[in-house]
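Shown next, in structure tokens, is the structure this report addresses.
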Amino acid sequence: MNKSQIPVAQKDVLSLLLDDHKEVKKLFKEFAAEKSQAAKEDIAREACMKLTVHATIEEELFYPFLRAQNPDAFGDLLNEALVEHGTAKELIAQIQATSIEDDNLYEAKVTVLSEYVAHHVKEEEDELFPKVIGKKVDLRELLTSVTERKEELLHSAVAA
Ligand SMILES: [Fe+2]
Ligand SMILES: [Fe+2]
């Protein structure tokens with residue numbers, strides 16, 4: 001999805017979410033290319049953290065806002081998205097609970113997570129976001145809370 005084509009009412013919030021998608025995809029690419037085990041684990045940890053922050057923002061703010069705006073248009077897509085988040089979070093929890101040294105399935109888990117995420121992100125970008133634009137949902141009032149919550153979550157994740 002091309003940011004420059006997003007109308008102003010949806011631009012800032014969707015751009016923030018698109019940037020997150022891009023960042024996480026880049027981390028998964030780096031993970032696949034990296035040779036050092038320690039560096040791989042660092043990259044996987046960061047990807048899991050960023051994904052958790054992103055999923056939390058969507059679940060706490062973005063998805064409920066869309067559902068409240070138009071339950072008929074968004075309900076089914078959002079339910080699927082929540083199930084997909086649930087599956088991703090289970091894998092994230094497994095990855096976070098172990099280490100690359102102790103778990104010979106570690107790399108496979110990260111690879112499968114990256115595939116889940118690629119699938120989910122594609123659905124958001126090809127179906128959900130175009131629908132948000134098509135239904136002319138004005139996301140501007142959501143921008144401050146999304147930005148602030150993201151900052152807060154990133155801050156507490158770094159501090160942890
Ligand atoms: Fe999502
Ligand atoms: Fe997303």
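All ligand and atom numbering here is 1-based and tracks the order in the structure. Quick note: residue numbers are just sequence positions, from 1.
- The Fe ion (ligand 1) is the vertex of the angle joining NE2 of His85 and OH of Tyr63, which measures 80° to the nearest 10°.
- The distance from the Fe ion (ligand 2) to the nearest N/O/S atom of Asp20 is not under 2.8 Å.
- Shortest distance from the Fe ion (ligand 1) to Glu124 is reached at OE2 (N/O/S atoms only).
- Take the N/O/S atoms of Glu58: the one nearest the Fe ion (ligand 2) is OE2.
- Heavy-atom contacts from other residues, nucleotides or ligands closer than 6.0 Å to CG of Asp102 number more than 12.
- Separating the CD atom in Glu41 from the CZ atom in Arg45 is a distance of 4.0 Å, to the nearest 0.5 Å.
- Within the coordination shell of the Fe ion (ligand 1), defined by N, O or S atoms under 2.8 Å, Glu84 is absent.
- Note on Lys26 versus Glu23: no salt bridge recorded, every NZ/NE/NH1/NH2 to OD/OE distance being 4.0 Å or above.
- For Phe74, the ring-ring contact (aromatic ring centres under 6.0 Å, His included) test picks out no residue, with sequence neighbours left out.
- Not a single N/O/S atom of His120, whether from backbone or side chain, sits less than 2.8 Å from the Fe ion (ligand 2).
- Taking the six-membered ring where tryptophan is involved, the planes of Phe129 and His21 are essentially parallel, since the angle between them stays under 30° and well short of 60°.
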